[in-house]
Amino acid sequence: MLNDLDRTILQCVIEAEQPVANRVLAIQCGAAVNTIRKEIMLLNGEIEGRYGVRVASKASVGNYLEVVDAAKADRNLGRLRTFFRRSDRIHISENPQVYYLVRRCLCSDGSLTVESLCRELYCSRSTLLRDLNAVRKIIGRFHLTLSNGRGDSGLKVLGKEWDIRQCLIYQHKIYKNITGVEAETHSEYAFKAMFYMQDGEERYKTIREDLDRALYQQTDFTVPFIHLPKIVHYIQLSMSRQKYSDEIQFSQVQTERVVNTQEYVLAQELCAREGKHFGKQIAKNDVIGTAVLLLAYETRNARLPLMREYQELYDETQQLISLMTERWGFDRALYDDIFVRDCICFLYALRNRLIYGVYQDGECVGAVEKKGIGSSDACLLFARFYEERHGIRLSKEDTLSAYYLFHRTRKNDTYCYYAQNILVVTQYGYTCASGIAASIRKNYREEIGLVTPIETNERPENVEDYDLMVTDLEKGRRGFLIEDLYEMPILTVEFLLGNSRSAQLDEYLLKLQKQCELMVLKNECFRRAFLQSREEVFERLAEEICTWRSNRTFSKEEAVTYLRENDAYIELERSNGVVFFPVLTQGWEEQKIAVFLNHKAIRWNESRSQIFVCYNRLRSKRDNHILNNLLQRFVHISALTADELLYDSSRTPVEILYPQTDKS
């Protein structure tokens, strides 16, 4: 079985577009170069026979994937890529043994002991107790506890049956993901029996087909594909754990909220059909539970305008729009009728999740490092808005579930802070210039404002509105008309009508973008730090915020509390040891950013982090766009660049982040 280091090495090599050097692998894996070399030899012994590939190493080139058995490789490479991608999305942060222990404890009736597990797993008591602490952390997300009784009683998960079932559903997803590429080392009959896996997957397929058909035949609401397996698994658990159905208790108010919906009608029909098919009548509590999952995960609901709470949800949406536009200076037109409709349905589904305690896992929004910084900050602002309005502090999963709601508005925002208004002049005349101008409009889109073709002896009206002239005339051939009459930069470009973009114009726009970003990010923004814990990070960042000239919001104690609350709302860390600390309160007059480069890694949630980025946002659309592009350099920072930023003293931080920027 592959260990964590093996998986990280294999994932880096599979996902890399070119050979990966041992030093880069060492940085990515947090291990020594010699350790990487030895581990690759052991890894090849595991994967050659099982997957038909090996990690080949070549001096001065690096490590790359080599196929040794084409038939096995064709069968397994796609599964491996899916495994790594889903592992990122559903946050598989512990080793497989921990998740096995979670499943064993969930299935335990109290007779499972630490000693018996040590014998079963061939591990020491201290190792097992350490893994059980990780088990407690995992099940704690579902409001469950792990009891370890004395005498004849042993390990047992305690909590509500509703929470136990949600935990089982989530663990089944992880089980299918891990065992999709790893050979099973334990039979786990008790766990698989809950999902009717002992005779194959036919029962799952039958329920899934019935669910798909039922959803297709109605037009009242929609449920995303990614949530459908959870509903199927809940129906399976309704049959396999039928003796515990009476322990699921819904209040009268909760029941009335469900039974008057079309989701409940569909759940009744579906559960009646499955109960008849499998010879078991599904309890009413489980019918309600099935309807609750539909209500908690739906993304469209045609009946919402007819509900009593619609006006309240509409007003809340309008207040949220006002907050977003006033706080960050975005156009209200971005929040169109589609946003209003989607936001109302999201707020309705979120309310249902909170009322019934439905767990929202992180896979619904993909891997953290793929998320835009602007959309994530919008989620954080929404969470604070929701708490202020309802007095409810959202979980990290619920906070991030709003991601796609704001991501769409960000994509519709075509504003570009370095967009140029361009005059096009060519020696081949106005007709040729018109074709070039059309090509520029089509292929540069938001990077370009006005594009106007002119002749060499022509001067357009309002010439002061233009920022740049592009021409194929070399400097000595332009004549006095261009040189003397146009007070703007002139870019010499060789136009080829068949090309979609121009290398010279690309370079000019990139340089312009960097100039704007470097007005904010300077070498003075970076600090070397020797922080030892999370609390020291909060303290040091709070001190920094209090030094910002336009700070009228925070004392040091208030700043520490604010940063802690943000960390509780949303996962602040990204890839390669970077953690972000946004300050989203209003009233700032000056854009500030501080980057702390710590001498040692600090455990931050699931990552080892050394780079801490703190920034504020202004009430300015332009400044926020500049900040977003600037922060992308940290969001997508490579392991090698992060290492150079931390340890390379021969270059300044700005030179490392902007390697093509002139030192002058």
Side-chain angles (χ1 to χ4, degrees), residues 85-93 137-138 140-143 166 169-170 173-174 223-227 230 293 296-299 316-317 320 323-324 328 339 342-343 345-354 356-390 392-411 562-575 578-584 604-607 609 613 615 617 628 631-632 634-636:
R85 187 167 60 250
R86 294 205 70 197
S87 294
D88 287 337
R89 289 206 306 257
I90 62 180
H91 305 298
I92 298 181
S93 56
K137 179 181 176 182
I138 291 171
R141 301 172 191 164
F142 300 86
H143 314 292
Q166 291 190 75
I169 290 170
Y170 187 65
K173 176 191 288 189
I174 294 176
V223 180
F225 181 89
I226 198 169
H227 295 306
K230 302 173 188 176
L293 294 182
Y297 294 134
E298 66 186 8
T299 53
E316 186 173 345
T317 298
L320 178 60
L323 175 67
M324 300 294 293
W328 291 344
F339 176 87
D342 291 346
C343 187
C345 189
F346 169 77
L347 291 172
Y348 178 67
L350 175 61
R351 181 175 295 186
N352 289 325
R353 288 205 301 267
L354 296 173
Y356 297 99
V358 177
Y359 178 74
Q360 172 82 359
D361 67 75
E363 187 182 8
C364 62
V365 284
V368 170
E369 58 265 27
K370 302 301 181 186
K371 296 180 181 61
I373 195 74
S375 300
S376 297
D377 285 356
C379 290
L380 180 55
L381 187 65
F382 164 74
R384 287 191 165 275
F385 162 81
Y386 201 84
E387 182 177 6
E388 183 177 343
R389 182 176 173 84
H390 298 283
I392 297 174
R393 176 160 295 181
L394 300 179
S395 67
K396 292 182 178 181
E397 292 79 16
D398 283 328
T399 297
L400 204 54
S401 67
Y403 175 77
Y404 289 124
L405 187 66
F406 299 112
H407 178 70
R408 175 184 166 274
T409 63
R410 306 287 299 179
K411 286 298 183 183
Y562 180 87
L563 293 171
R564 283 203 200 101
E565 289 175 347
N566 283 356
D567 186 51
Y569 272 130
I570 198 168
E571 297 286 352
L572 295 169
E573 74 274 11
R574 299 297 177 103
S575 59
V578 181
V579 187
F580 290 90
F581 297 89
V583 182
L584 306 181
W604 203 281
N605 298 334
E606 304 298 341
S607 304
S609 303
V613 184
Y615 56 92
R617 285 194 179 273
N628 288 340
L631 292 175
Q632 291 302 317
F634 294 97
V635 173
H636 303 297

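In this text the structure is predicted, and so the values were computed from the model without any measurement.
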**OP:** May I have the step-by-step check of side-chain contact (heavy atoms from CB on, under 4.5 Å) for Leu354 and Leu394, ending in yes or no?
**Re:** CA-CA 9 Å; Leu354 296 173; Leu394 300 179; 3.9 Å; yes
Original post:
How far apart are the C-alpha atoms of Arg617 and Asn628, what are their side-chain angles, what is the distance that settles it, and do they pass the side-chain contact (heavy atoms from CB on, under 4.5 Å) test?
Top reply: CA-CA 10 Å; Arg617 285 194 179 273; Asn628 288 340; 2.7 Å; yes
Subject >> Residue pair Leu400, Glu571: steps toward the side-chain contact (heavy atoms from CB on, under 4.5 Å) verdict >> reply: CA-CA 9 Å; Leu400 204 54; Glu571 297 286 352; 5.8 Å; no
**OP:** Check step by step if side-chain contact (heavy atoms from CB on, under 4.5 Å) holds for Phe634 and Tyr615.
**Re:** CA-CA 12 Å; Phe634 294 97; Tyr615 56 92; over 6 Å; no
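Between Arg574 and Ile373, some side-chain heavy-atom pair lies under the 4.5 Å cut-off. In this structure, the side chains of Leu347 and Glu316 come closer than 4.5 Å at one or more pairs of heavy atoms. Contact check for Gln360 versus His227: side-chain heavy atoms found under the 4.5 Å cut-off.
The pair Asp361-Lys173 meets the salt-bridge criterion, since a charged nitrogen lies less than 4.0 angstrom from a carboxylate oxygen.
Using modelled atom types, no side-chain atom of Lys230 and backbone atom of Tyr170 make a donor-acceptor pair closer than 3.5 Å. Panel note: side chain Asn352, backbone Tyr348; a donor-acceptor pair is recorded below 3.5 Å. Panel note: side chain Gln166, backbone Gly357; a donor-acceptor pair is recorded below 3.5 Å. With hydrogens and angles disregarded, a donor-acceptor distance shorter than 3.5 Å links the side chain of Asn566 to the backbone of Pro582. Put simply, the side chain of Glu573 never gets that close to the backbone of Ser607: no donor and acceptor are under 3.5 Å apart. Distance alone, capped at 3.5 Å, is enough to place a donor-acceptor pair between the Tyr562 side chain and the Leu584 backbone.
Note: His407 and Tyr403 have parallel aromatic rings, judged against thresholds of 30 and 60 degrees for the angle between ring planes.
Between Trp328 and Phe406, a ring centre-to-centre spacing not shorter than 6.0 Å is recorded.
Arg353 and Ser395 share no side-chain donor-acceptor pair at under 3.5 Å.
Here the NE2 atom belonging to His390 is positioned 5.5 Å from the CZ atom belonging to Arg351, to the nearest 0.5 angstrom.
The ring-ring contact (aromatic ring centres under 6.0 Å, His included) test with Phe346 singles out one residue from Tyr404, Phe382, Phe339, Tyr386, and that residue is Phe382.
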